[in-house]
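A, B, ... follow the sequence lines: proteins, then strands. Residue 1 opens every chain.
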Amino acid sequence: MKTVFEFTKGMTREESIYCPGCTHGIAHRLIMEVLDEMDLLGETIGISPVGCSILAHRYMSVDMCEAAHGRAPAIATGIKRVHPDCTLFTYQGDGDLASIGTGEIIHAAHRGEKFTTFFVNNAIYGMTGGQMAPTTLVGQKTTTTQEGRSELLCGKPLRMAEMIATIEGAVFVERVSLDSPSSIFKAKKVFRKAIEIQQKKLGFGFIEILSTCPTNWGLSPIDSMEWLRTHMIPYFPLGNFRKPGDREMACGQEMGAK
Amino acid sequence: MKTVFEFTKGMTREESIYCPGCTHGIAHRLIMEVLDEMDLLGETIGISPVGCSILAHRYMSVDMCEAAHGRAPAIATGIKRVHPDCTLFTYQGDGDLASIGTGEIIHAAHRGEKFTTFFVNNAIYGMTGGQMAPTTLVGQKTTTTQEGRSELLCGKPLRMAEMIATIEGAVFVERVSLDSPSSIFKAKKVFRKAIEIQQKKLGFGFIEILSTCPTNWGLSPIDSMEWLRTHMIPYFPLGNFRKPGDREMACGQEMGAK
Amino acid sequence: MGRGLVKFDDERCKGCELCVSVCPVKIIRIDQTKINTKGYHAAGTQEIEKCIGCGNCATICPDGAISVYIK
Amino acid sequence: MGRGLVKFDDERCKGCELCVSVCPVKIIRIDQTKINTKGYHAAGTQEIEKCIGCGNCATICPDGAISVYIK
Amino acid sequence: MNEKVLMKGNEAFAEAAIRYDCKYYFGYPITPQNEIPEYMSRELSKADGVFVQAESELAAVNMAYGASAAGGRVMISSSSPGFALMQEGMSFLCSVEAPCVIINVSRGGPGIGTILPGQADYYQATRGGGNGDYHLIVLAPASIQESITLIGKAFELSDQYRNPVLILVDGMIGQMMEPVILPDYHSGKQIDKPWALTGTKGIRPPNTIKSVYLKAEELEAWNWHLLEKYRKIIDCEVSYETRNLEDAEIVFVAYGTTSRIIREAMEILEADHIRSGLIRPISLWPYPYQSFDEMSSSTKAVLVVELSQGQMIDDVKIGVNGRFPVSYVGRFGGTVISPEEVASEAKRILGVV
Amino acid sequence: MNEKVLMKGNEAFAEAAIRYDCKYYFGYPITPQNEIPEYMSRELSKADGVFVQAESELAAVNMAYGASAAGGRVMISSSSPGFALMQEGMSFLCSVEAPCVIINVSRGGPGIGTILPGQADYYQATRGGGNGDYHLIVLAPASIQESITLIGKAFELSDQYRNPVLILVDGMIGQMMEPVILPDYHSGKQIDKPWALTGTKGIRPPNTIKSVYLKAEELEAWNWHLLEKYRKIIDCEVSYETRNLEDAEIVFVAYGTTSRIIREAMEILEADHIRSGLIRPISLWPYPYQSFDEMSSSTKAVLVVELSQGQMIDDVKIGVNGRFPVSYVGRFGGTVISPEEVASEAKRILGVV
Amino acid sequence: MAMHKLIISGFGGQGVMMMGQMIAYAGMMEDKHVTWLPAYGPEMRGGTANCSVIVSDKPISSPIISKANAVVAMNYPSLLKFEPLVIPGGLLFANTSLFEETHFRKDLVIVSVKANDIAVEIKNDKVSNMVMLGAVLSGTSVVSRESLYKVMEKVFVGAKAKLIPLNKLALEAGFEIGRVACAENFNNSDF
Amino acid sequence: MAMHKLIISGFGGQGVMMMGQMIAYAGMMEDKHVTWLPAYGPEMRGGTANCSVIVSDKPISSPIISKANAVVAMNYPSLLKFEPLVIPGGLLFANTSLFEETHFRKDLVIVSVKANDIAVEIKNDKVSNMVMLGAVLSGTSVVSRESLYKVMEKVFVGAKAKLIPLNKLALEAGFEIGRVACAENFNNSDF
Ligand SMILES: Cc1ncc(C[n+]2csc(CCOP(=O)(O)OP(=O)(O)O)c2C)c(N)n1
Ligand SMILES: Cc1ncc(C[n+]2csc(CCOP(=O)(O)OP(=O)(O)O)c2C)c(N)n1
Ligand code: SF4
Ligand code: SF4
Ligand code: SF4
Ligand code: SF4
Ligand code: SF4
Ligand code: SF4
Ligand SMILES: [Mg+2]
Ligand SMILES: [Mg+2]
């Protein structure tokens, strides 16, 4: 009998408090599968954010610490100085990373910190009950945009991957999605690549993971996956935005020429 | 007798405490000239930063307030809500805007705030005595990079204009320089355009102004201008990065296609 | 195509139905009669003999409730 | 080209020499003999009749110490 | 008078602010106060106001500063760690004399802690973590109704003294529903703000709002100005409630949520023929030190009850000034003390077991 | 013993830290402490350490947390408003028990204020602006030499109690040069940190460093653990210096810079045959309340001298507990009080004019 | 005694918050002191919801309930969580549409209500909460049926007004069940 | 009295900080209590620099000088700023290479030193600060010449050691000027 799929030993057996169908569980598992397959569990340190995944350390079977809201990249910076050879990741939501923690993530990229950030973009503040995030789509209803996000009042959503890709120190930037088994397979490959690049100490790695929040979107898990495909992906295009060896400054120079 | 140049009444007659040859004085004057010529002095509110230009309000003859270090864009956001029709600007250094105030500037752009930011990039922390800024060039000596900024330890400098230009709400983004009379003329035109765009309430306007800090660079004012030309401009290319009417998302979409 | 074997851990299942939606042979159902201690109706297979062992269900399960084998 | 007239406000001048460096007809010098109350040697013109009134000097002066007119 | 309505604390705070003519609200989500920004995002624009969701608490407090500097009536709110991030802002607001009302719906700490109720932000509120000499006016209501009243007062004091005013409540008051009577619309007293940034319109010299003073003498003079203001506030704005001080054997000192629990504890003691009294500070700064002068010679002990490890006890000791023994009982970390626990601690102290 | 050297305060702090085996420093520029990061940027790598210039004070304190969580010996430094921005971080560090040494080279406030010396960060240091119940150990040296000693002690206490330790000095001590004797290299005592994040190496279960406690009971239990630690620190780590308490008519209470000025004031008074004494708290938390028990019946008054509007006076009142009249004199906003001013205030209080 | 302490719990979407609020609202209309407190906390993740309601003749100190006179469990996880909080001799309202009537504590008065089944009978699954509410009213007399009808008129306004008859029907059905269940072994007036 | 309070001021680049530090260093070597405090503050903008030095037999309370025994003004703006701080009868060392010897306070002992001119004579403009330092030593005897030479040997090490003779020369020159200037109207020993 061949094993097609067994729950990775990178995860504890602790049952999660996530809502039914929440993709945080998938993202967690993929990271830990990759680390397990690369035999890095014993070398890994992770940081859970303030957000629904605040208890990620309960589920992931590696050394971990909690971060104050938004500060995980600064904490990672400190950890990497002490253990330059460890495998280090932050796991952050869109409120945590793209709002309160903007400065920390930009400057981790700026310094070319040698760790990997898994950025879970579910277009909403999950933990606090569904407020607008910087990645909330125009028209999307949240508890602080009850008529739908207005471009006039709140602007258009931030595309973090694109922004981070303008920073020299961010050597690997890619956006993936978790909406289907095939997307999940692709995502896992990207995760693996990011960890490999970290091992080579080339610079900062950033993976934006399009995710769902069935509870605060007010949709069933299945409908949430569909909404992700039909609404999020068109605005947040999947793909690689930066990889080692890309011409310096993919974006700016070109525009500077105008 | 025709007047070619007289000191604008947009400036007070207060003598500045800037070091000899510091371009802050030029930047101040240009802004106030534009506002004066557009007859906006009575409608304008400005915000001085924490940095050498902390006393900008002493020199500029308009209503102004001080900001805590880095927070000017948030303050401007508050002011604009109370006076949506005023002409509003922040004036910020590279430590203020590109380091501690990263979150505030990114999110002012994200919301598409209807004010104008003058970003004085002199590649150093002037006021505190010459520490490395996020825009300090690789190899540049500062009091915290006494052997010159190391790419390995500190990354490559942040290009703020390029980064801000990836944000939808930033409808006008341009980089200018103050190194010569002709650059100064060009800069002034750009300042004017930015204020006009603000008046049309199209979104956030961002002008990066390449500047000097003779004192902390350890160069004469004249040599500083030369250094700006030969070292800064090659890394921080001048030009427009975003203007109203540009295709949505100048940078990201293209890359997303990869 | 081989013959798949799928095991569900009822206690971990939250009845989200994501596995249901991705099974190419549509053999997964939520069992409305079973209820686990967390209060959820758990997923399970009908006609397991149709399973092709593709692993889709386990891949998308957010709660690690599924294991897949090929006999 | 018209004939320029340049006025320096000695008290505002900080002797930075930027004006010196941009005058196309090279008529601006720092006067090492004068010293203002801030302790700086102030700039001034020699051979003012050569001034073309281009305004370069005033444009680059960070301290608003220069006015330029054309007669 | 308006009709009694059943409202959630947080929503009542928001609605009260609107009725007291708050026009600008800036906030960042944090439990247990999210209903405030949510309510404001929905209702403030209907009252001609503006809601902005800030990118962080730092941004929120600085947006508030901007709107205040521009002459607007502003409120912000947060919960414990979010308020911690505003400490530089608090010092700054005080230094530039920017009026502003802040609500801290506090939780159990330290660090991230829990979102359940706590009173361990007393130091944070009354001593602050900003730099330099400054004071927030701090008001601590014990019910939703009182919160409404104090929010109105907060806007008034804030404008009058040009100083931020903090309303310190906890998650319990923020989350619960109680029947309340709301004030009328436009209940807010307005005053002129000639110092505000409006643009000169060419008719007055520029207004400058500044915090930096390069010369020590200037800064000291400015500090004297502030100190005189603080002294005036101390003279005029102390507020507190007392019960049964005349013949109490033991006097409880408690504010907010805890003071409600004390009332039940007092009943338990009364049933056991033990006379107890209560001092309930309403203004935490300025602190009602003088309330302790009202204590009688029948009193044998003072018992401070807090949902913290004992923070207000400092002020109680200063107020009591050695005249009575002072002790403390409390629970913390999101747990709420019961009236029974309080009563039995009182009995222990009095030696009646 | 090493040779006497002439060193600037800030540089001596940095060099001392290196010699006590500090290996990680994170900082953001702010006057009057810039020589610390500058020195560290130059010298720390030579001692096998790492310097990182953080993008902000928020980032700095969180980098420190990361390095500390990873088992490193860490120092950060800032000045008043920069430290205000670290308040959330301080509460967090205490909640997760992360050792760390922080230096606040304080300035005149509030707000941006001035970079000249001030002692108005006493509340900020001892009461904090973070949320919840937590305490920093706070040490206040009065000279560069004492700073060096206390930095060494700070690292030890910090590791021993797993708690941040704050060194509170002001711009004067940070900027001046005085002759000092430095400790030897590797003077830092090291202890095991089995709790640190290192990667499990497959040989132990994962370590978790956490601040959040979803359940009130868990958080309360954790708070009890912390409270017991704080009580132990209060029992063991109080430190202070006294002078002439036996026969002083007036007792000064002052720390840091101000205590130096008092010594001169005491000489002036002595010349006028007025006996004065001094209590100089060295640990500001835990506060040396017991020092006031050493006062004698000859004492008529206690005079607190601060470069603030009077902040430590709270603790003095708590310590004195009504036994003597307590008053305050001070200057603030960057001005430094003179010995003459202190002496004449003392005379005024004693009624000798 | 004149202090009712109720915990009402179930899945999100079952209308448990609404039940609690209606009781509190009715209490207010009867000029009683009332408090309502939602469970707020991370336990919201996972979709369970609950609230605590106190209705009393005298001012209420804390709205937090550590010992409840009655608990309503609209689903099984709620039963597990809140049954232990009922005082001995207190009431347990169990929605036995969703779980078996087994293993209940022996020292409680059990009111078993097949709320969903009854709601379906009335032709609307959505009103299962009203069925249960009816049972709670007759079981505890925390507030009167009349007050609750008044509340309905305040709550269901505009387009929703047409829902009143349906809701009344549901409430009546539940009330009857509660009455019967409590009749023998429980005396309302001393609760 | 045994407490010397000096303020030394000039342009950045004139070596005024160094002058102050050398005095403090020499004081330390004489086992005196010493403090040195740079002007730190926004007044740094504009290129002026100054420091305060105290050398004393007993512990020094505050290094801040509000009343100076002596002020060194290496340029004109410094003169304007610090002349007012000298105590009546105190010393003013004025670098009259850079400004005219007019308008000085009448109640001070003026030591006029053309420091730059003399330095140029010694063939190195850079040592104008050493010239002035020499004058200060003879004018105030704050520390001995011998101590200062020892300091030089500690400070100018390695490649810089070859600068010692030049600096000594400059110091001597200044010392002589100070001696002459102070000879008649000033008694060092009671300063
Ligand atoms: C300083 C601070 N501000 C605010 C909060 C409240 N808070 C907790 S989680 C969160 C955001 C959660 O959203 P996101 O980061 O998108 O994560 P998600 O829950 O969606 O996975 C916020 C604002 C906090 N804990 N600390
Ligand atoms: C919270 C806080 N952190 C740090 C400082 C110290 N500080 C003052 S100005 C400044 C940076 C100045 O650099 P920049 O913004 O580039 O302006 P410049 O002086 O170069 O014009 C810093 C870090 C401060 N005042 N407040
Ligand atoms: S609230 Fe949203 S993000 Fe959080 S656990 Fe539930 S579904 Fe997931
Ligand atoms: S330090 Fe630099 S930026 Fe500041 S005033 Fe001087 S030259 Fe200008
Ligand atoms: S392994 Fe594939 S075929 Fe078998 S149950 Fe799962 S999804 Fe269906
Ligand atoms: S995906 Fe997993 S949790 Fe969801 S229903 Fe299927 S087995 Fe259950
Ligand atoms: S106006 Fe032109 S020509 Fe005349 S002095 Fe100035 S720079 Fe020279
Ligand atoms: S540019 Fe202005 S300040 Fe500089 S030397 Fe010329 S006149 Fe003087
Ligand atoms: Mg999110
Ligand atoms: Mg700069």
Atom pair [atom1]/[atom2] of [X] and [Y] - distance to nearest 0.5 Å:
{"X": "D:Leu18", "Y": "B:Ile222", "atom1": "CG", "atom2": "CD1", "answer": "6.0 Å"}
{"X": "D:Glu17", "Y": "B:Met225", "atom1": "CD", "atom2": "CE", "answer": "13.0 Å"}
{"X": "B:Phe5", "Y": "D:Cys57", "atom1": "CZ", "atom2": "SG", "answer": "9.0 Å"}

Check [X] against [Y] and note the closest heavy-atom contact, atom names and distance.
{"X": "B:Glu14", "Y": "D:Arg12", "value": "O-NH2, 3.5 Å"}
{"X": "B:Pro20", "Y": "D:Cys16", "value": "C-CB, 3.7 Å"}
{"X": "D:Val22", "Y": "B:Pro181", "value": "CG1-CD, 3.6 Å"}
{"X": "B:Ile17", "Y": "D:Lys14", "value": "C-NZ, 4.2 Å"}
{"X": "B:Ser16", "Y": "D:Asp63", "value": "OG-OD1, 3.2 Å"}
{"X": "D:Thr59", "Y": "B:Ile26", "value": "O-CG2, 4.1 Å"}

Side chain to side chain, [X] and [Y], heavy atoms closer than 4.5 Å:
{"X": "D:Asp9", "Y": "B:Arg13", "result": "yes"}
{"X": "B:Val4", "Y": "D:Tyr69", "result": "no"}
{"X": "B:Met1", "Y": "D:Leu5", "result": "yes"}

- request: Considering only heavy atoms and a distance below 4.5 Å, find which of D:Cys54, D:Gly64, D:Ala65 pairs most often with chain B.
  value: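 It is D:Gly64.
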task: Can you tell which part of B:Thr8 gets under 4.5 Å to a heavy atom of chain D, answering side chain, backbone, both or neither?
output: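 Interface part for B:Thr8: neither.
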task: Please state whether the side chain, the backbone, both or neither of B:Met11 comes within less than 4.5 Å of a heavy atom of chain D.
output: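 Interface part for B:Met11: neither.
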field: Proximity breakdown for D:Lys38 and chain B, heavy-atom pairs closer than 4.5 Å
entry: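 Answer is side chain: those atoms of D:Lys38 sit under 4.5 Å from chain B.
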task: Answer yes or no: does atom NZ of B:Lys2 have more than 12 heavy-atom neighbours from other residues, nucleotides or ligands under 6.0 Å?
output: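 Counting other residues, nucleotides and ligands, NZ of B:Lys2 stays at 12 neighbours or fewer.
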